[in-house]
Undergrad: 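First the structure, then my questions, so here it is.
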Amino acid sequence: MVKDLFTQIIKDIPSVDYGIRGLEVHRSHTKEGTMYFVTAHEEVEFPIHSHAEQWTVVLSGECTYTANGKTTVHKKGDTYTIPSDTPHQITLHKGYSEVDYVNDPNDGEY
């Protein structure tokens with residue numbers, strides 16, 4: 001079982017069902033962008049995709065990120081930015097949690 005890092009005020013933010021087993025996401029839109037609170041209860045592999053600029057803070061565990069032919073591993077305490085419109089692939093390993101800000105007020109609504 002993955003330790004639950006998010007308090008009740010985060011759990012009160014609507015969750016989004018992406019139909020991906022083991023993925024828990026709470027998402028909040030503002031007029032400037034979209035906040036995500038993400039936990040991987042199992043390993044989750046996202047296919048190559050792109051979106052507006054994203055800034056991420058890793059709260060627990062690790063993820064494997066690949067863009068422009070380069071693969072990096074991000075762990076607890078790391079921050080990283082995904083530039084706008086950059087095709088990338090990411091795998092969230094079991095026990096991973098993050099907070100993201102995406103510079104698009106409608107991100108995830110398409």
Side-chain angles (χ1 to χ4, degrees):
M1 175 100 181
V2 175
K3 181 181 176 188
D4 193 357
L5 295 176
F6 298 117
T7 63
Q8 192 60 46
I9 62 170
I10 301 304
K11 293 176 188 176
D12 288 343
I13 296 170
S15 62
V16 180
D17 183 1
Y18 287 101
I20 300 171
R21 183 179 162 163
L23 182 67
E24 180 180 350
V25 179
H26 294 268
R27 180 181 68 200
S28 181
H29 298 289
T30 71
K31 66 179 183 167
E32 293 83 15
T34 304
M35 292 288 305
Y36 290 92
F37 302 88
V38 178
T39 300
H41 298 284
E42 299 181 24
E43 186 166 296
V44 175
E45 186 174 326
F46 289 93
I48 294 173
H49 63 285
S50 62
H51 43 67
E53 184 173 359
Q54 175 180 325
W55 178 73
T56 299
V57 178
V58 180
L59 301 177
S60 68
E62 62 183 48
C63 70
T64 305
Y65 168 81
T66 303
N68 301 317
K70 181 180 176 187
T71 298
T72 55
V73 175
H74 299 285
K75 298 179 181 184
K76 179 181 178 179
D78 290 348
T79 63
Y80 64 94
T81 300
I82 302 171
S84 183
D85 301 319
T86 300
H88 60 281
Q89 189 282 325
I90 192 163
T91 300
L92 312 181
H93 302 286
K94 183 178 179 177
Y96 178 82
S97 290
E98 70 183 18
V99 174
D100 298 320
Y101 176 78
V102 177
N103 191 24
D104 177 350
N106 298 307
D107 193 68
E109 294 294 332
Y110 316 107

Undergrad: List the steps and the verdict of side chain to side chain contact (heavy atoms under 4.5 Å, CB included) for Y36 and I13.
TA: CA-CA 10 Å; Y36 290 92; I13 296 170; over 6 Å; no
Undergrad: With distance as the sole test, does T79 use its side chain to make a donor-acceptor pair with the main-chain N or O of W55 at under 3.5 Å?
TA: no
Undergrad: To the nearest 0.5 angstrom, please state how far the CD atom of Q54 sits from the OG atom of S84.
TA: 11.0 Å
Undergrad: Before you tell me yes or no, could you show the steps for N68 and T86 under side chain to side chain contact (heavy atoms under 4.5 Å, CB included), namely the whole-Å CA-CA distance, both residues' side-chain angles and the distance that decides it to 0.1 Å?
TA: CA-CA 8 Å; N68 301 317; T86 300; 4.2 Å; yes
Undergrad: Pick one: which of E43, E42, E62 meets side-chain hydrogen bond (donor to acceptor under 3.5 Å, both in side chains) with H93?
TA: E43
Undergrad: Using every non-hydrogen atom in the two residues, find where K76 and L59 come nearest and quote the distance to one decimal.
TA: CG-O, 3.2 Å
Undergrad: Which heavy atom of E98 sits nearest to which heavy atom of T56, and what is that distance?
TA: OE1-CG2, 3.4 Å
Undergrad: Does the S28 side chain pair with the main chain of M35, one donor and one acceptor, at a distance under 3.5 Å?
TA: no
Undergrad: Does any donor atom in the side chain of T91 or Q89 lie under 3.5 Å from an acceptor atom in the other side chain?
TA: yes
Undergrad: For the residue pair P83 and E53, establish whether any side-chain heavy-atom pair is separated by less than 4.5 Å.
TA: no
Undergrad: Carefully, step by step, assess L5 and F37 under the rule side chain to side chain contact (heavy atoms under 4.5 Å, CB included).
TA: CA-CA 10 Å; L5 295 176; F37 302 88; over 6 Å; no
Undergrad: Give the ring-plane orientation class for Y65 versus Y80, where under 30° counts as parallel, over 60° as perpendicular and anything between as tilted.
TA: tilted
Undergrad: Check whether H29 reaches the backbone of P105 with its side chain - one donor and one acceptor, N or O, closer than 3.5 Å.
TA: yes
Undergrad: When you measure from the side chain of S97 to the backbone of S60, do you find a donor-acceptor pair of N or O atoms at a distance under 3.5 Å?
TA: no
Undergrad: Indicate the atoms forming the closest heavy-atom contact of L92 with C63, along with that distance.
TA: CD2-CB, 3.9 Å
Undergrad: Closest heavy-atom contact between V44 and R21?
TA: CG2-O, 4.0 Å
Undergrad: Any sub-3.5 Å donor-acceptor pair from H88's side-chain atoms to A67's backbone N or O?
TA: no
Undergrad: Heavy atoms only: give me the nearest L23-V38 pair and the separation to one decimal.
TA: CD1-CG1, 3.8 Å
Undergrad: List the atom of N103, the atom of E32, and the distance in Å for their closest heavy-atom pair.
TA: OD1-O, 3.6 Å
Undergrad: Quick check: is I9 connected to V57 through a chain of hydrophobic side chains (ILVMFWY, heavy atoms under 4.5 Å apart)?
TA: yes
Undergrad: If you group Ile, Leu, Val, Met, Phe, Trp and Tyr by side-chain heavy-atom gaps below 4.5 Å, do V73 and V58 land in one group?
TA: no
